[in-house]
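Everything below concerns the one structure shown next.
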Amino acid sequence: MSRTEDILLELNQPKPWSGVNAFRTDPLLVDLTSGLNRALRDDFDALGRYVTSHEAQELARMANHNPPELRTHGPRGERLDVVEFHPAWHAMMRRSMANGLHSSVWENLPEVRGQDHKARAVRFYLTAQLECGHLCPLTMTSASMAALMSSPRVQKEWAPRILARKYDSSNRSAMQKTAVTIGMGMTEKQGGTDVRASISTATRVGEGIYRLSGHKWFMSAPMSDGFVMLAQMPEGMGCFLVPRLLEDGVANGLRFQRLKDKLGNRSNASSEVEFTDAFGFLLGDPGSGIRTILEMVTLTRLDCALASAGIMRASMAEAVHHVRGRAVFGKKLIDQPLMIRVLADMALDVAAATALSFRLAEAFDRARERAADAAYARVMTPVVKYWVCKMAPPLIAEAMECIGGSGYVEERAIARHYREAPVNAIWEGSGNVMALDVLRVLERGKDLFNMVFAELERDLGPAGRKTIEVLHAAMALCERDEGAARLLVEQLALAAAAAELYRMGAGKIADAFLETRLTGGWRNTYGVLDARFDARYLVDLLYPPVD
């Protein structure tokens, strides 16, 4: 032990949560990955060590302390429209692209075949515990392949560079780079979530080639090499891939107005952009733009849930570590009855959010082979995204409170996680949009719900029948009252989370979650866990002590 650590202990200050293997110290994650091959688990082990290392944590801190800057003009008054990032950003991008966070689900690698989404989900979940801002362009780049596949000609030209793992931050045309990233522009000032209100326009100039004019109110990752955009065309809404630079390196009519001054996600740039006569390649059929881009959006929603689960896990791990090392009123904080009850209550939600997010990733993997998983993916994507992302802000706030005043400082990673927490509930569809998406599935028929319910009832065991009766009642209420949609979504999320914990064999964790979330009384804060649940056992099981 160093002299600095000795002094910290004398001052009743636990050493920083650093240098701990985020994979190995997460028993739930280890259990979730037990079916994957040894080489993959060795990779997860290495990544788990890296994300809590001092080196990695410093990169995350510097990238957020030195946010990107927009240079609209050069010294001669010429347009530049270049966003400059701190070297720490590029370092994180370089490593995460080498890990395939932007490409692995499309590579058809033999070691992960049939489990592509799940294997990537582990890497994404662990990397989120380090820093989420740089994950934004990686999410969109990975998801963009779903949209590009609707245009074989565009896919053939762009896919090799999208799937390349050697990060290339040079300001050159996409076809001159070793690897590219893809952003997305959907939101406009007058429409927001209502993308059908888009007033950007596309005019045909050749076979599959259009010129786009308009604006995007919120376009993330503006230094991407191409952007998936929506624009109006005579046949209806179209979906397009718009390069940032043309083949000769000249700007493609995109003029960045400003970067957003965001609450969180500070390492990542988000912009407002105007564009005139920007060349774009049509993706999918004319007028089918919303359907085309929704394939991409669905994948990004999975990442929203995984990232939220990841930062909840990291925040809880930091809080548990702190209370194990700090003494108050004559004994360790973790030995105080109120504190351990709060931590155990929170640990149940983090475990449920993690299990549910990985269950969704598994459904994506098996959707083509198994109808029940296809139904799960369609029904549960908005449900999981809604519930997991909404859990993060209040849970991380409570974790900060467990640490106390020293948790409310920028020096700790938990401050970054807290600022990051709200964005995933907003990005790619707010809570109401997710609820409306669930209603959309319900309106088209109950068959998908019935397939999901059958699996939940089986996995919930003795509690299954009554739980499904409650869900059917919530469905019936929604058919009469659209405003009740959140009730159905939340009940379905809780039931599915409990079912997954039981399916995993989580035993007492599943029992405690079921009884407090599905059969317990109304609750508004953490720490009201009944004394009959062994709070210390739950915490130590999910967050084993580390030397």
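As a basis for the values below, the full set of heavy atoms in this structure was taken, side chains included, without hydrogen atoms, waters or symmetry mates.
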Review point. Does the side chain of D168 come under 3.5 Å of the side chain of S170 through a donor N or O and an acceptor N or O?
Key: yes
**Study point:** R370 and E455: CA distance, side-chain angles, deciding distance, salt bridge (charged side-chain N to carboxylate O under 4.0 Å, His left out) verdict
**Key:** CA-CA 13 Å; R370 188 167 177 267; E455 298 221 329; 2.2 Å; yes
Check your understanding: Are any side-chain N or O atoms of E111 and backbone N or O atoms of L40, one a donor and one an acceptor, separated by less than 3.5 Å?
Key -> no
Practice item. Look up atom CG in L59 and atom NE2 in H90, then write down how far apart they are to the nearest 0.5 Å. Key: 12.0 Å
Practice item. Using the salt bridge (charged side-chain N to carboxylate O under 4.0 Å, His left out) rule, take R440 and E443 through it: C-alpha gap first, then chi angles, then the decisive distance, then the call. Key: CA-CA 5 Å; R440 193 173 299 114; E443 289 169 3; over 6 Å; no
Check your understanding: If you take all heavy atoms of M223 and N171, which pair is closest and at what distance?
Key -> CE-OD1, 4.1 Å
Exercise for review: Under the side chain to side chain contact (heavy atoms under 4.5 Å, CB included) rule, what do N265 and W427 come out as? Steps first, then yes or no, please.
Suggested key: CA-CA 11 Å; N265 202 247; W427 190 43; over 6 Å; no
Practice item. Any chance you could measure T300, atom OG1, to M140, atom CE, to the nearest 0.5 Å? Key: 9.0 Å
Check your understanding: Can we say R366 and E362 salt-bridge, meaning some charged N sits less than 4.0 Å from an Asp/Glu carboxylate O?
Key -> yes
Practice item. Might you work through the side chain to side chain contact (heavy atoms under 4.5 Å, CB included) test for L477 and L488, ending with a clear yes or no? Key: CA-CA 9 Å; L477 177 61; L488 171 61; over 6 Å; no
Point to revise | Residue of the set L448, N450, L456 for which side-chain contact (heavy atoms from CB on, under 4.5 Å) holds with V452 | key: L456
Check your understanding: Does the S198 side chain pair with the main chain of A231, one donor and one acceptor, at a distance under 3.5 Å?
Key -> no
Point to revise | All pairs passing ring-ring contact (aromatic ring centres under 6.0 Å, His included) where residues 93-130 contributes a residue, at least two apart | key: H117-F364, Y125-F358
Check your understanding: Nearest 0.5 Å, what's the CZ-CG distance between R255 and L80?
Key -> 10.0 Å
Check your understanding: Does L299 reach the side chain of E295, with side-chain heavy atoms less than 4.5 Å apart?
Key -> no
**Study point:** Check: P243 main-chain N/O paired with N252 side-chain donor or acceptor under 3.5 Å
**Key:** yes
Review point. Is a side-chain N or O of T276 found less than 3.5 angstrom from the main chain of G253, in a donor-acceptor match?
Key: no
Review point. How long is the gap from CE on M184 to OG on S224, to the nearest 0.5 Å?
Key: 10.5 Å
Check your understanding: Okay, side chain of K262, backbone of V423: is any donor-acceptor separation there less than 3.5 Å?
Key -> no
Exercise for review: Identify which one of M229, E272, K260 satisfies the side-chain contact (heavy atoms from CB on, under 4.5 Å) criterion when paired with M219.
Suggested key: M229
Point to revise | Closest contact, heavy atoms only, F240 versus A202 | key: CZ-CB, 3.4 Å
Review point. Step by step, would you call D303 with L135 a side chain to side chain contact (heavy atoms under 4.5 Å, CB included)?
Key: CA-CA 9 Å; D303 280 5; L135 292 178; over 6 Å; no
Exercise for review: Decide, yes or no, whether a salt bridge links R517 with D349 under the criterion of side-chain N to carboxylate O below 4.0 Å.
Suggested key: yes
**Study point:** M93 vs T181, side chain to side chain contact (heavy atoms under 4.5 Å, CB included): CA-CA, chis, key distance, verdict
**Key:** CA-CA 10 Å; M93 286 289 290; T181 57; 4.1 Å; yes
Check your understanding: Does D248 CG have over 12 foreign heavy atoms under 6.0 Å away?
Key -> yes
Review point. So, does E235 use its side chain to make a donor-acceptor pair with the main chain of M233 at under 3.5 Å?
Key: no
Review point. If every non-hydrogen atom of G284 is compared with every non-hydrogen atom of S150, which pair is closest and at what distance?
Key: N-OG, 3.0 Å
Review point. Quick one: is the NZ or CZ of R211 closer than 6.0 Å to the six-membered ring centre of F279, and within 45° of its axis?
Key: yes
Check your understanding: Counting heavy atoms not belonging to R291, are there more than 12 under 6.0 Å from its CZ?
Key -> no
**Study point:** Shortest non-hydrogen contact between Q129 and G310, atoms and distance
**Key:** CG-O, 3.0 Å
Point to revise | Cation-aromatic face contact R359/Y376, 6.0 Å, 45 degrees | key: yes
Point to revise | Minimum side-chain heavy-atom gap V350-M391 below 4.5 Å | key: no
Check your understanding: Any luck finding a side-chain donor-acceptor pair between N99 and R165 under 3.5 Å?
Key -> no
Review point. Do L442 and C478 touch side chain to side chain, with heavy atoms closer than 4.5 Å?
Key: yes
Study note, to complete from the structure: Looking only at heavy atoms, the pair that brings P222 and L259 closest together is CG-CD2, 4.1 Å
Check your understanding: For the residue pair F85 and W89, does the interplanar ring angle fall in the parallel (under 30°), tilted (30 to 60°) or perpendicular (over 60°) class?
Key -> parallel
Review point. So, the side chain of E69 versus the backbone of H86: is there a donor-acceptor pair under 3.5 Å, distance only?
Key: no
Practice item. Taking the side chain as every heavy atom from C-beta outward, state whether I199 and H215 have any atom pair closer than 4.5 Å. Key: yes
Review point. Excluding sequence neighbours, so at least two apart, what forms side-chain contact (heavy atoms from CB on, under 4.5 Å) with Y418?
Key: I396, A397, M400
**Study point:** Side-chain donor or acceptor of R301 paired with backbone N/O of E428 under 3.5 Å
**Key:** yes
Practice item. Kindly indicate whether the side chain of R486, heavy atoms from C-beta on, has any atom under 4.5 Å from the side chain of K390. Key: yes
Point to revise | Donor-acceptor contact below 3.5 Å, side chain N64 vs main chain A60 | key: yes
Check your understanding: Is the shortest side-chain N to carboxylate O distance from R416 to E131 below 4.0 Å?
Key -> no
Check your understanding: Does the side chain of D116 reach to within under 4.5 Å of the side chain of D365, using non-hydrogen atoms?
Key -> yes
Check your understanding: Taking atom CZ of R79 as the centre, does the number of heavy atoms from other residues, nucleotides or ligands within less than 6.0 Å exceed 12?
Key -> yes
Review point. Under 6.0 Å from the NE2 atom of H65, do we count more than 12 heavy atoms belonging to anything else shown?
Key: no
Point to revise | S142 side chain near V105 side chain, heavy-atom distance below 4.5 Å | key: yes
**Study point:** Donor on one side chain, acceptor on other, R113 and N108, under 3.5 Å
**Key:** yes
Revision key, fill the gap. Of all heavy-atom pairs linking A147 and L283, the shortest is O-CB, 4.0 Å
Review point. Counting distance only, does the side-chain N/O of Q176 pair as donor-acceptor with the main-chain N or O of E247 below 3.5 Å?
Key: yes
Review point. So how far is it from L148 CG to T292 OG1, rounded to the nearest 0.5 Å?
Key: 10.5 Å
Check your understanding: Is any side-chain heavy atom of C239 closer than 4.5 Å to a side-chain heavy atom of V228?
Key -> yes
Exercise for review: Give, for atom CE of M175 and atom CH2 of W158, the distance between the pair rounded to the nearest 0.5 Å.
Suggested key: 4.5 Å
